[in-house]
Trainee: 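Dropping the structure in here first, questions after.
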Amino acid sequence: MSTTEGKADAAAVEEMARSATAWCAMHGLVVGDRADPRSGTVPGVGLVHAPISLLPSRLPESFWSQACELAPLFNELVDRVSLDGDFLQDSLSKTRQVDDFTSRLLDIHRKMMDANKEENIRLGLHRSDYMLDSETNSLLQIELNTISVSFPGLCSIVTELHRTLINQYGNLLCLDAKRVPGNDASRQFAKALAKAWDEFNVDSAVVMMIVQPEERNMYDQYWLVKYLRESHGITTIRKTLSEVEAEGQVLLDGTLVVNDRKVAVVYFRAGYTPNDYPSEAEWNARLLMEQSSAVKCPSISYHLVGTKKIQQELAKPNVLERFLENKEEIAKLRQCFAGLWSLDDEEVVKSAIENPDLFVLKPQREGGGNNIYGFDVREALIRLKKEGGDALSAYILMQRIFPKASLASLVRGGVCHEALTVSELGIYGAYLRNKDKVIINDKCGYLMRTKVSSSDEGGVAAGFAVLDSLYLTDK
């Protein structure tokens, strides 16, 4: 993935950047300003434009088609794996010994298994992330996200911004706005949530969005609230885990009631990190919601399928065949798998210590800023080996992917600068079924993130990357 060929002089780039940031403010492409202490708690206070790439990044259309084709396959895989509770418990059994967060999630999952809890209505809003590896010229999966997948709201607007800039400055850029694929992620996510609400079939019920107490990315979330209300007539309430614990109860028939509102769908935009559970109150809330009849997005089992350890287990020989029958689809999934290894594999650990730049060490964490790279991989592995026991089980090793770097103009805080960058493509997917009837299984738009090539981490909310869109090329 590389930036578009269009090139403009410094004055034109500066003018474009000013037009872009004004457009962002006018169209809701905004985030909370970290400099304002109220920006994460009070809507409408302390806004700045979202960090953006000034122009879209190039990607050959064949890889775009491949990523889109994989989305429904991964949706189905998540659902199939989630049904095999013993596989999830067994695969994560060593991890739980050294990772308290994963252990607590597994405890809730085990309680649901012991209670034989049925989830007739199953809703997944996923995102599979890829990079184009320059060494092999192949699209390789970074990770599969099954909880709190962010930016469906804002990324939908970035494509509009880039099309607008291309149309406005077309004589300078020699680009075609039609080559920027449309992105309807926010409307499609809202549609999937609304369909789940329909299946729950209680007119007075609401969608409850679980959010963090401080959330500078709230405007991304509010786009879904807007579409649920305007397109589907559904009310959304926003609650933190501690608020659910204080205000929530499960009635005898399984109905979840929070502050006297019946809840049809629980949509998690929090709960994916240990920081979201500072006390027992938050864990009590998570269990309470799981015990209810409300549709969970995700359920505890879907959440566990998204862990790094399960990703690594699914990459082992013959494991996909445990969950899927279609050999052609299995081959397509396997084609995008990067090398993934358990730290039980002594040969791979030895190789990673000798050549740390060829590997990434990943813990069971989401949200950016958690992975270990370069010389730190060697240091961490030597330390973990000395600790012995199950310490190694908290991590997996992944093949380092080397995308091609290219020049791009990045705009953050109203300042535009040119840098060597690499990009990561995320394809959103929605899956909904009620008992045996699959109602939705489709791709739902995309997230493009671009970062300075010298940066290892790639999260936008964590401050490492900017929002981008795609420019499709023939080659």
Trainee: Is there a side-chain contact between Trp223 and Pro152 (heavy atoms, below 4.5 Å)?
Mentor: no

Trainee: Do Ile210 and Thr240 come close enough that some side-chain heavy atom pair is under 4.5 Å?
Mentor: no

Trainee: Contact between Asp203 and Trp197 at the side-chain level, heavy atoms closer than 4.5 Å - yes or no?
Mentor: yes

Trainee: Looking at Lys117 and Ser292, what are the two nearest heavy atoms and their distance?
Mentor: NZ-O, 2.9 Å

Trainee: For Arg433, which residues count as a side-chain hydrogen bond (donor to acceptor under 3.5 Å, both in side chains) partner, sequence neighbours excluded?
Mentor: Asp79

Trainee: Please report the interatomic distance OG1(Thr146) to CG(Asn75), rounded to the nearest 0.5 Å.
Mentor: 11.0 Å

Trainee: Less than 4.5 Å apart, any side-chain heavy atom of Leu320 and any of Leu77?
Mentor: yes

Trainee: On a heavy-atom basis, which atom in Gly271 and which in Leu241 lie closest, and how many Å separate them?
Mentor: CA-CD1, 4.3 Å

Trainee: Between Arg269 and Asp220, does any side-chain N to carboxylate O distance fall below 4.0 Å?
Mentor: yes

Trainee: What do the steps show when you test Ser57 against Asp468 for side chain to side chain donor-acceptor pair (under 3.5 Å), and what is the final call?
Mentor: CA-CA 7 Å; Ser57 291; Asp468 201 348; 2.6 Å; yes

Trainee: Does the pair Asp474 and Arg179 meet the rule for a salt bridge (Lys or Arg N to Asp or Glu O under 4.0 Å), with working shown?
Mentor: CA-CA 10 Å; Asp474 294 329; Arg179 286 193 169 269; 3.5 Å; yes

Trainee: Restricting to non-hydrogen atoms, name the atom on Leu470 and the atom on Met448 that form the minimum distance, rounded to 0.1 Å.
Mentor: CD2-CE, 3.4 Å

Trainee: Measure the spacing between CZ of Arg216 and OG1 of Thr41 and express it to the nearest 0.5 Å.
Mentor: 8.5 Å

Trainee: Please name all residues satisfying ring-ring contact (aromatic ring centres under 6.0 Å, His included) with Phe189, sequence neighbours left out, ordered by chain then number.
Mentor: Tyr428

Trainee: Between Leu125 and Ala192, what is the shortest heavy-atom contact and its length?
Mentor: CD2-CB, 3.9 Å

Trainee: Does atom CZ of Arg38 have more than 12 heavy-atom neighbours from other groups under 6.0 Å away?
Mentor: no

Trainee: Does the side chain of His49 reach to within under 4.5 Å of the side chain of Val411, using non-hydrogen atoms?
Mentor: yes

Trainee: Against Gln212, only a single residue in Asn275, Asp276, Asn217 fulfils side-chain hydrogen bond (donor to acceptor under 3.5 Å, both in side chains); can you say which?
Mentor: Asp276

Trainee: Near Glu230 CD, under 6.0 Å, is it more than 12 heavy atoms from other residues, nucleotides or ligands?
Mentor: yes

Trainee: So Gln399 and Leu340, do their side chains get closer than 4.5 Å, heavy atoms only?
Mentor: no

Trainee: Ignoring hydrogens and angles, tell me if any N or O in the side chain of Thr421 forms a donor-acceptor pair with the backbone of Ser406 under 3.5 Å.
Mentor: yes

Trainee: Could you tell me if Arg286 sits above the aromatic ring of Phe268, with its cationic atom closer than 6.0 Å to the ring centre and no more than 45 degrees from the axis?
Mentor: yes

Trainee: Assign the ring pair Trp283 / Tyr277 to parallel, tilted or perpendicular, where the plane angle (0 to 90°) is split at 30° and 60°.
Mentor: parallel

Trainee: Is there a donor-acceptor contact under 3.5 Å linking the side chains of Ser148 and Tyr267?
Mentor: no

Trainee: Nearest heavy-atom pair of Met131 and Ser423: which atoms, and what distance?
Mentor: CG-O, 3.6 Å

Trainee: Ion pair present between Lys309 and Glu313, side-chain N to carboxylate O less than 4.0 angstrom?
Mentor: yes

Trainee: Please determine if Glu325 and Arg80 form a salt bridge, counting it only when a charged side-chain N lies under 4.0 Å from a carboxylate O.
Mentor: yes

Trainee: With under 30° as parallel and over 60° as perpendicular, where do the rings of Tyr219 and Tyr222 fit, or are they tilted in between?
Mentor: tilted

Trainee: Are any side-chain N or O atoms of Ser299 and backbone N or O atoms of Tyr302, one a donor and one an acceptor, separated by less than 3.5 Å?
Mentor: yes

Trainee: Name all residues meeting the ring-ring contact (aromatic ring centres under 6.0 Å, His included) criterion together with Phe323; count only those two or more places apart in sequence or in a different chain, and write none if there are none.
Mentor: Phe87

Trainee: One pair to check against side chain to side chain donor-acceptor pair (under 3.5 Å): Ser469 and Tyr471. What are the steps and the verdict?
Mentor: CA-CA 7 Å; Ser469 74; Tyr471 191 86; over 6 Å; no

Trainee: Does a side-chain N-to-carboxylate-O contact under 4.0 Å join Glu14 and Arg18?
Mentor: no

Trainee: Would you call Glu199 and Lys195 a salt bridge, using N to O less than 4.0 angstrom?
Mentor: no

Trainee: What's the spacing between Leu161 CG and Ile52 CD1 if we round to 0.5 Å?
Mentor: 5.0 Å

